[in-house]
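Chain letters run A, B, ... following the sequence lines, proteins first, then strands; residues in each count from 1.
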Amino acid sequence: MFEKLFEYLQFPFVRYALIVGVLVALCSSLFGVTLVLKRFSFIGDGLSHVAFGAMTVATILKMKNEMPLTLLLTILCAVLLLRAGQNAKIKGDAAVAMLSVAALALGYLLLNLFPTTSGNLAGDVCSTLFGSTSILTLSAAEVWMSVILSVIVVTLFILFYHKIFAVTFDESFAQATGTNAAAYNLLIAVVVAVIIVLAMNLVGSLLISALVIFPALSAMRVYRSFFSVTVCSAVLSVVCALLGLLTAIIAGTPVGSTIVAVDIAAFLIFSLIGKLKRR
Amino acid sequence: MALLECKNLSLGYEGHVIVKDLNFSVNAGDYLCIVGENGSGKTTLMKTILGLTAPLSGSVTTGDGLKKNEIGYLPQQTLIQRDFPASVQEIVISGCQAHMGRRPFYGPAEKELAKKNMERMGLSGMADRCYRDLSGGQQQRVLLARALCATRKLLLMDEPVAGLDPKVTAEMYELIETLNRKDGITVIMISHDLGAALRYATHILHIGGKVFFGTREAYAASEAAGSLLREGSGGLLPERPAGKKKAGGKEVRNV
């Protein structure tokens with residue numbers, strides 16, 4: 001089995017997949033804790049559907065590079081969702097669900113009304129949503145871009161860790177005592193949108209939702225402080241992503257769903273440990 | 001000049017006015033209790049003072065060089081906090097956030113302040129306990145310790161004794177009294193508990209229906225109190241405990 005693995009590791013695309021998978025897992029799990037606690041577990045799914053809708057618009061407008069428009073629209077939606085926060089008329093979960101369904105439906109409708117050249121509509125949609133094999137077709141440039149962005153995301157998270165905690169735990173208190181809560185919410189929204197758009201292109205929207213919520217939820221079963229939950233969530237996410245990727249490569253299973261399956265297994269194990277610890 | 005002055009303040013949302021033309025001022029060292037029926041706009045008023053909600057009209061001005069990061073706030077607990085994985089230490093020290101400026105990490109001064117306030121609230125030895133495993137009274141003391149880390153001059157509290165049993169309620173009132181008398185922190189508190197308000201506060205603001213603002217002595221004699229005071233306690237002004245005298249003996253009603 002290990003021989004087979006080493007043989008595979010000779011291929012650059014396998015190494016690229018491992019690097020990008022681990023980095024995406026790390027970044028999304030760091031902000032995942034905040035999102036789950038702010039009751040925005042579904043934002044990964046919602047925003048990736050928004051990104052899908054934005055991408056179809058870019059495709060129909062025959063833009064050369066779909067990225068700028070997709071990023072712009074997704075950041076806009078993230079800001080709208082996260083900044084409105086607890087004071088919004090339509091609350092977090094409902095707002096995310098509404099945006100998600102609307103973007104998905106309109107995107108698919110637009111693709112049908114204005115068919116593009118590729119001709120394989122169902123296949124395109126499927127690969128956008130489930131990521132299929134895109135993680136195995138990364139270029140060196142994409143890998144470098146992910147590395148740079150991950151460094152930025154992790155640095156931002158460490159620098160603003162205490163502010164992020166304050167804003168997540170109690171937004172009104174932070175605002176009332178002179179912390180610029182709105183600015184930090186904006187920062188969180190923009191970073192989350194960037195992570196999701198990039199990760200969706202690399203690993204598909206199914207995987208990104210799982211990467212945002214599963215490690216955070218698993219860590220919360222066992223650990224009881226924000227710091228330990230964050231660290232555990234990051235480590236767990238990286239380990240699960242690695243295990244999932246290696247399994248997928250060796251067994252030839254779809255990458256995204258294999259990682260999600262490993263995350264589910266980890267969640268079950270952590271729930272059990274949590275129950276035993278509380279006895 | 002007063003620490004805080006509200007002029008012709010009107011509160012409400014979407015054109016629906018709850019409170020109209022409110023005028024009052026708070027001086028350094030005051031202990032102001034805001035009383036009134038449910039829905040009379042007490043929390044909205046507090047949020048307006050804190051700058052979280054904009055008033056429909058009128059103005060809130062701060063004096064005596066009061067800065068935003070010298071204010072402590074004890075909000076009502078939110079749903080999110082009930083199952084939040086955070087240790088007591090993490091929550092209390094987050095009150096220091098406003099004094100950090102651009103520094104990203106807490107220094108020895110902040111850690112010392114958090115420790116001091118945890119001791120003051122009787123939370124020493126609980127620093128690593130998880131917030132969601134604590135009792136209601138303990139959680140409230142954690143949030144008060146956090147507010148104390150933020151406060152330098154003014155402390156605003158939204159029903160600090162809501163959901164606490166009579167014994168813990170009495171302790172909480174004593175703590176607040178000490179903060180006001182000994183540490184010279186100005187207190188503004190929303191309360192449902194008129195007995196305690198009359199007992200501890202120096203000034204009372206009654207909103208909803210009849211509006212009243214003045215000293216507690218004037219309030220007890222006024223008509224506005226009548227609508228809230230129960231039978232038997234009308235006109236009876238409890239002695240404000242002086243200095244260190246224990247307030248333990250007297251009953252504290254928790255409505």
Side-chain angles (χ1 to χ4, degrees), chain A residues 32-41 85-87 89 91-93 155-184 187 216-233 270 274 277-278, chain B residues 13-14 43 46-53 67-81 83-91 93-106 110 127-134 142-143 146-147 149-152 154-156 158:
Chain A
V33 178
T34 299
L35 291 175
V36 167
L37 287 170
K38 270 180 168 278
R39 301 291 188 271
F40 277 107
S41 302
Q86 293 157 19
N87 302 322
K89 288 208 191 75
K91 297 282 174 212
D93 59 338
T155 315
L156 280 176
F157 185 82
I158 294 173
L159 278 181
F160 292 109
Y161 168 78
H162 290 294
K163 311 255 185 223
I164 290 171
F165 171 80
V167 173
T168 311
F169 182 72
D170 196 338
E171 209 177 306
S172 342
F173 177 85
Q175 182 87 40
T177 54
T179 303
N180 193 346
Y184 292 109
L187 175 85
L217 282 176
S218 306
M220 275 178 224
R221 299 297 109 188
V222 175
Y223 290 96
R224 345 291 308 269
S225 78
F226 192 72
F227 182 74
S228 51
V229 165
T230 307
V231 172
C232 169
S233 158
F270 272 66
K277 251 182 110 176
R278 228 156 288 180
Chain B
Y13 15 88
E14 286 160 34
T43 300
M46 186 160 277
K47 288 193 167 160
T48 309
I49 294 173
L50 288 163
L52 296 174
T53 323
K67 288 192 218 96
K68 196 131 196 226
N69 64 7
E70 294 173 326
I71 300 175
Y73 174 39
L74 179 68
Q76 288 182 342
Q77 272 201 57
T78 63
L79 210 62
I80 289 181
Q81 289 162 3
D83 59 346
F84 201 97
S87 69
V88 170
Q89 153 87 14
E90 285 178 319
I91 294 171
I93 207 167
S94 76
C96 301
Q97 199 53 251
H99 307 291
M100 303 280 294
R102 280 163 197 260
R103 270 188 303 138
F105 305 110
Y106 298 116
E110 283 84 21
D128 295 325
R129 291 277 302 276
C130 178
Y131 179 76
R132 62 182 169 192
D133 296 340
L134 302 177
V142 172
L143 295 186
R146 176 184 65 163
C149 283
T151 194
R152 293 283 183 275
L154 178 62
L155 180 60
L156 288 100
D158 195 345

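For the atom pair NE2 of A:H162 and CZ of B:R103, the computed distance is 10.5 Å after rounding to the nearest 0.5 Å. The OG atom of A:S225 sits 10.0 Å away from atom CD of B:Q89, with the distance rounded to the nearest 0.5 Å. Here A:R224 contributes atom CZ and B:D128 contributes atom CG; the two are 12.5 Å apart, rounded to the nearest 0.5 Å. Put simply, CE on A:M220 and CZ on B:R132 are 8.0 Å apart, with the number rounded to the nearest 0.5 Å. With rounding to the nearest 0.5 Å, the separation of CG in A:D170 from CD in B:Q97 is 12.5 Å. Between the CD atom in B:Q76 and the OG atom in A:S172 there is a gap of 10.5 Å [rounded to 0.5 Å].
Every residue two or more places apart in sequence or in another chain was checked for a ring pair (Phe, Tyr, Trp, His ring centres under 6.0 Å) with A:F270, and none qualifies. Qualifying ring pair (Phe, Tyr, Trp, His ring centres under 6.0 Å) partners for B:Y131, counting only residues two or more places apart in sequence or in other chains: A:F169.
With a 4.5 Å cut-off on non-hydrogen atoms, B:R129 does not touch chain A at all. The contact between A:F173 and chain B is made by backbone and side chain atoms together, counting heavy-atom distances below 4.5 Å. Both the backbone and the side chain of B:A86 come within contact range of chain A, judged by heavy atoms closer than 4.5 Å.
Taking every heavy atom of both residues into account, A:L159 and B:P104 meet most closely at O-CB, 3.2 Å. Between B:I71 and A:T177, the shortest heavy-atom distance links the atoms O-CG2, 3.2 Å. Of all heavy-atom pairs between A:A176 and B:Y73, the closest is CB-CD2, 3.7 Å.
Ring orientation note: the planes of B:F84 and A:F226 are close to parallel, at an angle under 30° on the 30°/60° scale.
Under the 4.5 Å side-chain criterion, counting only non-hydrogen atoms from C-beta, B:P85 is in contact with A:L37. Counting only heavy atoms from C-beta outward, the side chains of A:F227 and B:S87 never approach each other to under 4.5 Å.
The candidate with the highest count of non-hydrogen atom pairs below 4.5 Å against chain A, out of B:L50, B:V88, B:I91, is B:I91.
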